[in-house]
Amino acid sequence: VGFGFLFGLLFASALVGAYLLGSRNSSGIISTSSSRTTYNNNPSALSHDKYYDDDFVHIDNDDDEQHEQHDAPKYIATQFISFTINTIGGLEEHGECEGRHVDPTNGVCYLGNTGNITEDITHRLAIVKRVLDRIKADAFVETPDIDHTDDVLKIVMMPEFFWRGPNGAYSTSQLMHDNTGKGVLLEVADVIRELVADEFFNDFLFVFGTVIAARSIDDGSSTDGSEPWQQELASAKEVEYFNFASIAKGGPNHKHYYTVTKKYISGADFLSRTTLPNPTDENVHDYAEFDEELAALFATRNTTLITDNVVELDGLRIGVEICLDHRLGVLWSELRKKHHGDELVDVLLITSAGMAIERGPNPIVKGGAVYLSDGEASSAACIRTDNDAKFQPDHVCRGDIGGLKHVPVGGDGYSSFIGLAACWDLEDIDLLKGYYSMYQTQGCAFTLQTYDIDVMDEFAYYPPSIEIYPTVALPENTYD
């Protein structure tokens, strides 16, 4: 399905609002200053020289905000690419839950291969491969949608729960270690590392959604070795739950691998059923922390376990939050605790399933960007455009969470949201069958609906999409 014309028209219409936009420059970027925002929807035209010409609009940071000195960044801009797929689960009403436990409150079930966990994870890996192949193919078309210059950091993000499994969570023993000494998750992680080690991905950063895992707490009362979902009516208080995002820099010959864990359990994170219990039904609201054994395992794989939600990479400070942690201000809390709120991040990444940028504080520097990829099949991007002397957590990229969240229509909290530059539907719909819903709303048609353009009735099913945002200049303070 081709939506390029519609998204081009949509983006062009966003440029018309004079109260929102300033003059356009010729370098194919979006940049901000204290008084204006400039848009140019031509990412392939980005020029390093132009970035430092008079065409480039810098941010006036002559204020009371303080920033620590960091290494000069490798990049002068970022571009956000979201793999937007619905990760909520299958729908009983469409026959996707046959033979599976169904949450009676919403008619939703977990999807995946219940008979073979290895096949379950490798099948999801095949979808990741398809996304990477599609991104690479863009470089060879006449007019690419992605900026393939080497001074733009491309950020590819997938939503929360992408790696969930048919039981609501994978077993930590299955994932990390088994009889062969290496669990299937580590094997798949090695394959992904090989895929993104391609020199083509030198200037890409990947957030591969989140992994959901669980294990029974060994208190000496159970010796049968069964997994949490094999214990009928097991109590959530007898289970440890984990939710973590895997992050990797693309390209060869480096050790930029990171893991960020989610702290708080949302009531929507798990279905209510008689196998793996929904922890919030029993007033359990905290994910488990990695113990020494798991932390040591990650260390042996040159993976940095991020405990403060900040990744330092190529001279950039990148914040990462998972869903509810964003609404509860986990990153902002960490920054206040360590830097008294004076040290902010250049970019904030949110992987989620049922969250919005404006529902939580966005502690980004002036001109910084927030990017969100959500498992309810949406994505969003926002730039900080205010001229406040101090960061105001209730102001930056905030607003009424009702209505259209992702359209730059002006008004409080909305003027700094930016629209899509392009959207591609994933053509291999058969890859979804049995693993992700084919009937939950998603795809470019659904995305257009969030922009108040309704073409949903034209489709019998909805494929996931790859959503591409315009190139956004990094803020001037990054170069200090």
Side-chain angles (χ1 to χ4, degrees), residues 1-3 82-117 119-128 130-131 134 158-170 209-210 212 229 266-278 281 323 351-355 373-379 423-451 453-467:
V1 181
F3 291 102
S82 173
F83 177 47
T84 306
I85 182 171
N86 196 304
T87 58
I88 302 303
L91 296 176
E92 182 182 30
E93 64 177 309
H94 288 286
E96 294 181 310
C97 298
E98 185 176 353
R100 304 175 188 272
H101 293 278
V102 178
D103 187 330
T105 65
N106 56 20
V108 175
C109 63
Y110 298 126
L111 294 176
N113 190 326
T114 56
N116 189 322
I117 294 300
E119 173 59 29
D120 181 274
I121 296 179
T122 54
H123 188 98
R124 298 173 199 273
L125 172 62
I127 297 174
V128 174
R130 179 68 186 90
V131 172
R134 182 64 183 87
M158 301 166 62
E160 186 182 24
F161 305 141
F162 184 82
W163 309 91
R164 173 186 280 278
N167 300 300
Y170 294 112
T210 73
I212 312 300
W229 46 88
S266 164
D269 283 4
F270 297 90
L271 300 178
S272 296
R273 48 185 292 178
T274 58
T275 51
L276 181 66
N278 186 335
D281 289 345
C323 205
T351 175
S352 59
M355 187 50 56
S373 180
D374 192 84
E376 288 189 351
S378 68
S379 66
C423 184
W424 310 330
D425 276 323
L426 189 70
E427 299 171 358
D428 296 337
I429 191 69
D430 287 344
L431 281 174
L432 298 184
K433 291 181 180 177
Y435 290 86
Y436 300 93
S437 178
M438 296 175 63
Y439 298 96
Q440 294 270 23
T441 50
Q442 59 189 348
C444 296
F446 178 63
T447 299
L448 282 168
Q449 191 177 58
T450 69
Y451 292 92
I453 301 174
D454 190 1
V455 293
M456 291 289 287
D457 292 342
E458 299 179 16
F459 303 95
Y461 59 82
Y462 309 108
S465 57
I466 300 172
E467 301 182 344

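When reading the values below, keep in mind they use all heavy atoms of this one structure, side chains included, and skip hydrogens, waters and symmetry mates.
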Peer 1: Let's go through R100 and T114 carefully: what are the C-alpha distance in whole Å and the side-chain angles of both, what is the deciding distance for side-chain contact (heavy atoms from CB on, under 4.5 Å) to 0.1 Å, and is it a yes or a no?
Peer 2: CA-CA 9 Å; R100 304 175 188 272; T114 56; 3.9 Å; yes

Peer 1: Backbone N or O of I88 within a donor-acceptor pair of the Q440 side chain at under 3.5 Å?
Peer 2: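 Not a single qualifying donor-acceptor pair exists.
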
Peer 1: Are V128 and F83 close enough that some pair of their side-chain heavy atoms sits under 4.5 Å apart?
Peer 2: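 Not in contact.
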
Peer 1: Side-chain donor-acceptor contacts of residues 158-165 below 3.5 Å, not counting sequence neighbours, with atom names and distances?
Peer 2:
from: E160; atom 1: OE1; to: A353; atom 2: N; distance (Å): 3.1
from: E160; atom 1: OE2; to: N243; atom 2: ND2; distance (Å): 2.8
from: E160; atom 1: OE2; to: K262; atom 2: NZ; distance (Å): 2.9
from: W163; atom 1: NE1; to: F208; atom 2: O; distance (Å): 2.9
from: R164; atom 1: NH1; to: G168; atom 2: O; distance (Å): 2.9
from: R164; atom 1: NH1; to: D269; atom 2: O; distance (Å): 3.3
from: R164; atom 1: NH2; to: D269; atom 2: O; distance (Å): 2.5

Peer 1: Do I466 and T84 have side chains that get closer than 4.5 Å, going by heavy atoms?
Peer 2: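 The answer is no, as the side chains (C-beta and beyond) never meet within the 4.5 Å cut-off.
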
Peer 1: Rounded to the nearest 0.5 Å, how far apart are CG of L432 and CD1 of I127?
Peer 2: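 Separation between the atoms: 5.5 Å.
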
Peer 1: Which heavy-atom pair separates Y435 from R124 by the least distance, and what is that distance?
Peer 2: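 So the two residues come closest at O-NH1, 3.7 Å.
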
Peer 1: Could you verify whether a donor N or O on one side chain and an acceptor N or O on the other, from Y170 and D120, lie under 3.5 Å apart?
Peer 2: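 Their side chains do contain a donor-acceptor pair, which is all the 3.5 Å distance test asks for.
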
Peer 1: Return the minimal non-hydrogen interatomic distance between N113 and N116, and the atom names on each side.
Peer 2: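 What the structure gives for the nearest pair is OD1-N, 3.0 Å.
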
Peer 1: Side chains of S465 and E467: any donor to acceptor distance under 3.5 Å?
Peer 2: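 On atom types as modelled, these side chains qualify, holding a pair under 3.5 Å.
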
Peer 1: Carefully, step by step, assess Y110 and N167 under the rule side-chain contact (heavy atoms from CB on, under 4.5 Å).
Peer 2: CA-CA 6 Å; Y110 298 126; N167 300 300; 5.9 Å; no

Peer 1: A side-chain contact here means heavy atoms from C-beta on lying under 4.5 Å apart; do R130 and R134 qualify?
Peer 2: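 Side chain of R130 against side chain of R134, heavy atoms only: contact under 4.5 Å found.
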
Peer 1: Please report the closest heavy-atom contact between C444 and D425, naming both atoms and the distance.
Peer 2: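 For C444 and D425, the tightest heavy-atom pair comes out as N-OD1, 2.9 Å.
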
Peer 1: Sub-3.5 Å donor-acceptor pair from the side chain of H123 to the main-chain atoms of L431, do we have one?
Peer 2: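 Between the backbone of L431 and the side chain of H123 there is a qualifying donor-acceptor contact (under 3.5 Å).
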
Peer 1: For S266 and A268, indicate whether the former's side chain and the latter's backbone hold a donor-acceptor pair under 3.5 Å.
Peer 2: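 Answer holds: yes.
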
Peer 1: Whether the side chain of Q442 engages the backbone of S437 through a donor-acceptor N/O pair (distance < 3.5 Å, no angle test) should be reported.
Peer 2: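 A pair under 3.5 Å: yes.
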
Peer 1: Might you point out which heavy atoms bring V108 and L91 nearest each other, and give the distance in Å?
Peer 2: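 Where V108 meets L91 most closely, the heavy atoms are CG2-CD2, 4.1 Å.
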
Peer 1: So, using salt bridge (Lys or Arg N to Asp or Glu O under 4.0 Å) as the criterion, who are the partners of D374 when residues are at least two apart?
Peer 2: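 Partners of D374 by the salt bridge (Lys or Arg N to Asp or Glu O under 4.0 Å) criterion come out as none, since no residue qualifies.
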
Peer 1: Do L426 and I85 touch side chain to side chain, with heavy atoms closer than 4.5 Å?
Peer 2: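 Of all side-chain heavy-atom pairs linking I85 with L426, none is under 4.5 Å.
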
Peer 1: According to salt bridge (Lys or Arg N to Asp or Glu O under 4.0 Å), does anything in residues 429-448 pair up with another residue at least two apart or in another chain? List the pairs.
Peer 2: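 Passing the test, one end in residues 429-448: D430-K433.
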
Peer 1: Using side-chain heavy atoms (C-beta onward) and a distance below 4.5 Å, is P464 in contact with N86?
Peer 2: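 No; the side chains remain at least 4.5 Å from each other.
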
Peer 1: Side-chain contact, heavy-atom cut-off 4.5 Å: C109 with H101?
Peer 2: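 Result no, sub-4.5 Å side-chain heavy-atom pair not found.
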
